[in-house]
Amino acid sequence: MPELPEVQTIINGLNSKIIEKKICRIAEYRKGTVENSLPNMDYGKVKLVERRGKYIIIKTTADCKIVIHLRMTGKLIFEVDSDKQSKYCRAEIFFSDGSRLIFDDVRTFGKIQIMKKNQAVPAIEELGAEPLSDQLNPEFLSKQLKNRKAPIRNLLLNQNIIAGLGNIYVLEILYRCKIDPRKQADRLSLKQIEKIVGQTKIVLKEAIEKNGTTISDYRSVEDQSGQFQNFLRVYQKKKCKCGTEIKRIKMAGRSTYFCPSCQQ
DNA sequence: ATTGCTTCCTGAGCGC
DNA sequence: TGCGCTCAGGAAGCAA
C-alpha cells in the first residue's frame, strides 16, 4: 500500500507519539506477522523511528530494533483507548503507560521483524538510493540504467535502484516528465534522466507535505487519510489535461496509466 | 545478470 | 440480492 511519502508521514507521527515510551510486550495475532520475537524479551524504550525506503525502523534503548514493512495494506495506528479494536489487527506493540501501536493488515503481507541492534536486514542492505538524498543524482541514475533493456517504469519500481517509489508515484513522475513508461531504460537521454531525478524529488516532497496519498487503504497513525490524491494527474485518471484519453495497460502484471500523446 | 511471471491474502466494485 | 470476475499503492521466489 504505502509508498515513501506515506511511510514518512507515519514515521513523523510515530516520532511525535511514542518516543520515550517503554515497550512492555509485542503480541502476534496471526502467525507469521512477527518474526524473531522472544517471550520476556527486553525491548527497552523507543529512542527514534527511522525510514529506509519503505521500511520503518524503531530503534530502542535495548539491544534490538523493530523493523516493519507495511506492504500493500498494513497500517500502524497509535491508540490510547484500551477498548478500541481494529478489524484486521495482526499484532500489537504495548507500551507501559497503557497506550499501544496496532498493526492492522487486511491482506497479511506486512511483517514485523525483531532484530539485534547491529544485525543487518538483507533486503534493506540491498536497497538503492534514498530518493530525497544527494545519493539520487543524474550520474547515479545514468549508471544504474546503463545497458538496462527493461521499460523505465519497471526499473523505477525496483527498490534496489531507487528505494521508496511504488506504482502511483512512478506513474506520476513519468507523466510529469512526459516520458512513456514503456520506454526502454537505456534509450533515455541524459536530459530525460535529469528530469526523472528532478521530478522524483519534487513529487515526493509535495506528497510528504500533503501527508501522503489516499486511494483506499492508507491511513496515518492518527487514522487520517492523506491529501495528495487530489494532486494526482494520471493514476486512475480518465483524461489528460491535453484532452487525450489516458491509456491503461498492464506492465509486469500491474496497471500502468499514461497519456499516449504527451508521453513519448 | 536481467527480466517478467506467479504467488502470498482479503475485500471492494462492477456487470449480469 | 447474489454470483463471478477483476482489481488493489509490494516484493520474494522462481524460471527462462
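In the text below, chain A, chain B and the rest are named by the order of the sequence lines, each starting its count at 1.
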Any idea which heavy atoms bring [X] and [Y] closest together, and the distance?
X       : Y       : result
I102(A) : C89(A)  : CG2-SG, 3.7 Å
K250(A) : S255(A) : NZ-OG, 4.1 Å
N160(A) : E126(A) : OD1-O, 3.0 Å

What dot-bracket string describes DNA chain B from 5' to 3', counting Watson-Crick and G-U wobble pairs whose defining distances are under 3.5 Å, with [ ] for crossing pairs and | for pairs to another strand? .|||||||.|||||||
Taking the side chain as everything from C-beta on, heavy atoms only, tell me whether [X] gets closer than 4.5 Å to [Y].
X       : Y       : value
I179(A) : Q264(A) : no
Q184(A) : I152(A) : no
I168(A) : L232(A) : yes
P260(A) : Q263(A) : no

NA contact type, N154(A), heavy-atom cut-off 4.0 Å: base, sugar-phosphate, or nothing?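 Result for N154(A) = sugar-phosphate.
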Under 4.0 Å, counting only non-hydrogen atoms across every strand here, what does P122(A) touch: a base, just sugar-phosphate, or nothing?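 No contact at all - P122(A) keeps every heavy atom at 4.0 Å or more from the nucleic acid.
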Within 45° of the axis and under 6.0 Å from the centre of the six-membered ring of F103(A), does NZ or CZ of R90(A) qualify?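 No, R90(A) and F103(A) do not form such a contact.
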How many Å lie between [atom1] on [X] and [atom2] on [N], as a whole number?
X       : N       : atom1 : atom2 : answer
L70(A)  : dA11(C) : CG    : P     : 10 Å
Q144(A) : dA1(B)  : CD    : P     : 14 Å
K250(A) : dG9(C)  : NZ    : C1'   : 13 Å
K111(A) : dG13(C) : NZ    : C1'   : 14 Å
Q113(A) : dA11(C) : CD    : C1'   : 13 Å
E126(A) : dA11(C) : CD    : P     : 13 Å
I68(A)  : dG10(C) : CD1   : P     : 18 Å
I249(A) : dT6(C)  : CD1   : C1'   : 18 Å

Ignoring backbone atoms, test whether [X] places a side-chain nitrogen or oxygen under 4.0 Å from the OP1 or OP2 oxygen of [N].
X       : N       : result
K149(A) : dT3(B)  : no
H69(A)  : dA11(C) : yes
R254(A) : dA8(C)  : no

Quick one: on DNA chain C, does R248(A) or L157(A) contact a more 5' nucleotide (nearest heavy atom)?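 In this pair, the answer is R248(A).
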Between dG13(C) and dC9(B), how far apart are the two P atoms, rounded to whole Å?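 It works out to 15 Å between them.
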Taking dG9(C) as the reference, what is the distance to dT3(B) when you measure between their C1' atoms (whole Å, please)?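 To the nearest whole Å, 22 Å.
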As a quick check of understanding, evaluate salt bridge (Lys or Arg N to Asp or Glu O under 4.0 Å) for D186(A) and K149(A), giving each step before the final call. CA-CA 6 Å; D186(A) 66 356; K149(A) 309 293 179 200; 2.7 Å; yes
Taking the side chain of Q159(A) as heavy atoms from C-beta outward, which of dA11(C), dG9(C), dG4(B) is closest to it?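 Looking only at heavy atoms from C-beta outward on Q159(A), the closest nucleotide is dA11(C).
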Where protein sits on nucleotides 6-13 of chain B, one letter per nucleotide: B base, S sugar-phosphate only, - none, heavy atoms under 4.0 Å: --BBBS--
Which residues within residues 170-181 of chain A lie with some heavy atom under 4.0 Å of an atom in DNA chain B?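 When residues 170-181 of chain A is checked for heavy atoms under 4.0 Å from DNA chain B, there are no hits whatsoever.
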Applying salt bridge (Lys or Arg N to Asp or Glu O under 4.0 Å), run through E206(A) and R176(A) and close with a yes or a no. CA-CA 13 Å; E206(A) 196 184 328; R176(A) 292 176 190 216; 3.4 Å; yes
Judged by modelled atom types alone, do E50(A) and Y55(A) share a side-chain donor-acceptor pair under 3.5 Å?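 Y55(A) and E50(A) do not have a side-chain donor-acceptor pair below 3.5 Å.
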Can you list the steps and then say if K54(A) with E3(A) is a salt bridge (Lys or Arg N to Asp or Glu O under 4.0 Å)? CA-CA 6 Å; K54(A) 298 173 196 169; E3(A) 306 181 35; 5.6 Å; no
